[in-house]
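Quick notes on the structure that follows.
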Amino acid sequence: MYKYNDFDEAFIRSRTAQFRGQVARRIDGSLTEDEFKPLRLMNGLYLQLHAYMLRVAIPYGTLNSGQMRQLALIADKWDKGYGHFTTRQNIQYNWPKLPDVPDILDALADVEMHAIQTSGNTIRNVTADHFAGAAADEIEDPRPYAELLRQWSTDHPEFQFLPRKFKFAVSGASEDRAVVRAHDIGLQLVRNDAGEVGFQVIVGGGLGRTPMVGKVIKDFLPKEDLLPYCEAIVSVYNLLGRRDNKYKARIKITVHENGLEKIQELVEDRFTSIRATFSGHDQELLKEIKAAFAPPAYVEKSTDGYEAARRANPAFRSWSDTNLTDHQADGYTIVSISIKKHGATPGDATSDQMRVMADLAEQYGHDELRISHEQNVILPHVHKSDLPAIYAALRAADLATANIGLVSDIIACPGMDYCALATARSIPIAQDIATRFDELKIEHDIGQLKIKISGCINACGHHHVGHIGILGLDRAGVENYQITLGGDGTQTTTIGTRAGPGFSAEEIVPAIERLVTGYLDLRETADETFLQAYRRLGMEPFKAILYPSEDKANAA
């Protein structure tokens, strides 16, 4: 993991002290809310439906046990005993009091964390594959490049007031687990024909009210050109992006309105003019950063105990079947800890649960944790011999739900329970769907199925790229839920297609049950996933299942 140097420490402390003064002036009335708003947003502080919300950056989703324990302490001391992990690999606190926020930021600084640029029209938290540095299908660990981008973009003088927020995602594996094609800039590590590793650069992706899949602007970018090329893209966007309409201000609209060829030409011109100004210091810095991401000291031990536990304990076997992923080191595995217990709020973890996960990382996981964009927590480096003990500890903490990638592993935004922008509830719908399929006991028979729920068209729940997407809207004061089908957030990113009219809050869970159980009858084999069946059959048979009365009317 990257460790702060003296400059990092001084910078964070200075920003926290500055914000402490701004908060004091807001409290004594020297600053109006309109004057305070851009200042608080620069420091990750939102004003939500009921209270302030503080969004804390977890760069590229990586943290250690000490940091996780500090997040737990903050939840207990200044919030309501829990935090919410987000699709941006951040954590949000929903109930901080304004006078306490500077103290929270100081507590974060104590463990090399902050909330800078988790909001505002600037470059947000750089995200990455949550299995980075561990996955068996990885070309190279993308996190050193994500850290380089983080340092370059933090307080970059040219990019603090962009037309709109700007998001990077970086992946180094053959399977895209970072949704790179749905970001303003997506960076995919690839090999060229000569065997050299570089980046495929994707630009103009994004969800929200106008969802778009990113376009390849550069098939192969040498690694040493990463910063100047990214700076060229953001510079072009900063000049060309629209500021007259915030709904058309994202780079995806800039690319769409101007065309990829024009954007490529402008970027190449800008890149040519600034490349020489990058004298190599960035590459020296990258070497130092890479050293901080050296693999842990793996151990060699027998895995006989793990195999015996699988034979002896069906519950452990079920958990290990769903929550483990192949590791690049022999004898090791990647553990995904579900914080999606049936009926619970997706993404929420209590302070006690955070401490349990911190203890497990320290004792069994080389002191490393990850936050996934799917709102779960990862132990990336676990020896299989330790899995029975880890499972026992997780089970005691209500963290052993065996549902990673299944129907109840739902991404959901906070919705109208918290968010001032939401037009419908997300959390209760996710809870009801998960509870219903737990009652039916068919999750494992269904297999991989990704349901994603958003409470408004801003799409914070990524519903556009869900195999089943649910969008909550307000229809004349009544919550209405639209369903999209066939979305995909992997290397074959696809925007889902709307199935038809929406459903009321009372109708949506039965509709999803009807859809999923109908899929079981449509699939050719037990191994054919929902997405595969949809791609084979198209919309019509699924639409007929969702709207049976409409189908009967057409037949008549």
Side-chain angles (χ1 to χ4, degrees), residues 48-50 207-209 211 340 342-348 406-440 442-443 446 449-487 495-522 530 534 539-556:
Q48 294 285 70
L49 195 60
H50 307 294
L207 303 180
R209 66 176 59 221
K340 311 278 186 62
H342 302 103
T345 300
D348 278 8
L406 303 184
V407 68
S408 64
D409 184 15
I410 298 170
I411 288 180
C413 72
M416 213 159 58
D417 286 298
Y418 295 100
C419 182
L421 301 176
T423 51
R425 295 167 297 162
S426 299
I427 293 170
I429 303 302
Q431 292 170 320
D432 290 347
I433 291 172
T435 299
R436 179 56 183 152
F437 281 98
D438 185 43
E439 292 169 349
L440 294 172
I442 58 172
E443 268 195 286
I446 295 165
L449 175 54
K450 295 185 181 294
I451 296 180
K452 306 178 192 293
I453 306 174
S454 299
C456 78
I457 56 174
N458 289 309
C460 294
H462 292 191
H463 69 276
H464 293 297
V465 291
H467 302 166
I468 298 174
I470 302 174
L471 169 61
L473 297 170
D474 181 299
R475 289 284 186 258
V478 177
E479 291 170 302
N480 183 272
Y481 294 89
Q482 293 179 356
I483 292 175
T484 56
L485 300 177
I495 303 299
T497 302
R498 183 180 169 186
F503 297 87
S504 69
E506 293 72 28
E507 296 170 330
I508 186 62
V509 177
I512 298 298
E513 179 182 343
R514 192 162 63 246
L515 179 64
V516 175
T517 54
Y519 142 73
L520 295 178
D521 293 329
L522 291 173
F530 181 94
Y534 176 83
M539 174 67 77
E540 288 310 311
F542 293 91
K543 189 172 182 177
I545 293 167
L546 270 177
Y547 306 101
S549 58
E550 185 178 302
D551 193 51
K552 289 176 184 176
N554 291 337

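Positions are given from 1, in the same order as the sequence printed here. Side chains included, hydrogens not; waters and symmetry mates left out as well; all remaining heavy atoms used.
Looking only at distances, no side-chain donor or acceptor of His464 sits under 3.5 Å from a matching main-chain atom of Gly469.
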Going through the distances and angles, do Cys419 and Gln48 end up as a side chain to side chain contact (heavy atoms under 4.5 Å, CB included)? CA-CA 5 Å; Cys419 182; Gln48 294 285 70; 4.2 Å; yes
Hey, mind stepping through Leu406 and Leu449 against side chain to side chain contact (heavy atoms under 4.5 Å, CB included) and telling me if it holds? CA-CA 5 Å; Leu406 303 184; Leu449 175 54; over 6 Å; no
If you apply the rule side chain to side chain contact (heavy atoms under 4.5 Å, CB included), what do you find for Ile433 with Ile453, and how did you get there? CA-CA 11 Å; Ile433 291 172; Ile453 306 174; 4.3 Å; yes
Determine all donor-acceptor pairs shorter than 3.5 Å in which one atom belongs to a side chain in residues 508-516; sequence neighbours excluded.
residue: Glu513; atom: OE1; partner: Arg436; partner atom: NE; Å: 2.8
residue: Glu513; atom: OE2; partner: Arg436; partner atom: NH2; Å: 3.2
residue: Arg514; atom: NE; partner: Ile545; partner atom: O; Å: 3.0
residue: Arg514; atom: NH2; partner: Leu546; partner atom: O; Å: 2.8

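Shown here for Lys452 and His463, the closest heavy-atom pair between the two residues is O-CB, 3.4 Å. When all heavy atoms of Ile429 and Ala505 are compared, the closest pair comes out as CD1-O, 4.4 Å. Between Leu522 and Pro541, the shortest heavy-atom distance links the atoms CD1-CB, 4.1 Å. Between Ala412 and Pro346, the closest heavy-atom pair is CB-CG, 4.1 Å. Contact between Ala424 and Tyr481 at its shortest, heavy atoms only, is CB-OH, 3.8 Å. The minimum heavy-atom distance linking Ala434 with Gly343 is given by the pair CB-N, 4.1 Å.
No side-chain heavy atom of Leu471 sits less than 4.5 Å from a side-chain heavy atom of Thr484. Annotation: side chain of Ile446 is not in contact with side chain of Phe530 (no heavy-atom distance under 4.5 Å). Under the 4.5 Å side-chain criterion, counting only non-hydrogen atoms from C-beta, Ile442 is in contact with Thr517.
Ring planes of Phe542 and Tyr534: tilted class, angle from 30 to 60°.
Screening residues 412-427 for side chain to side chain donor-acceptor pair (under 3.5 Å), with sequence neighbours left out, gives Tyr82-Tyr418, Arg425-Glu479.
The CG atom of Leu485 sits 11.5 Å away from atom NE2 of His467, with the distance rounded to the nearest 0.5 Å. In this structure, CG on Asp432 lies 10.0 Å from CD on Glu506, to the nearest 0.5 angstrom. Separating the CG atom in Leu207 from the CD1 atom in Ile457 is a distance of 12.5 Å, to the nearest 0.5 Å.
For the pairing with His342, the side-chain hydrogen bond (donor to acceptor under 3.5 Å, both in side chains) check across Glu443, Gln431, Glu439 returns one residue only, Glu443.
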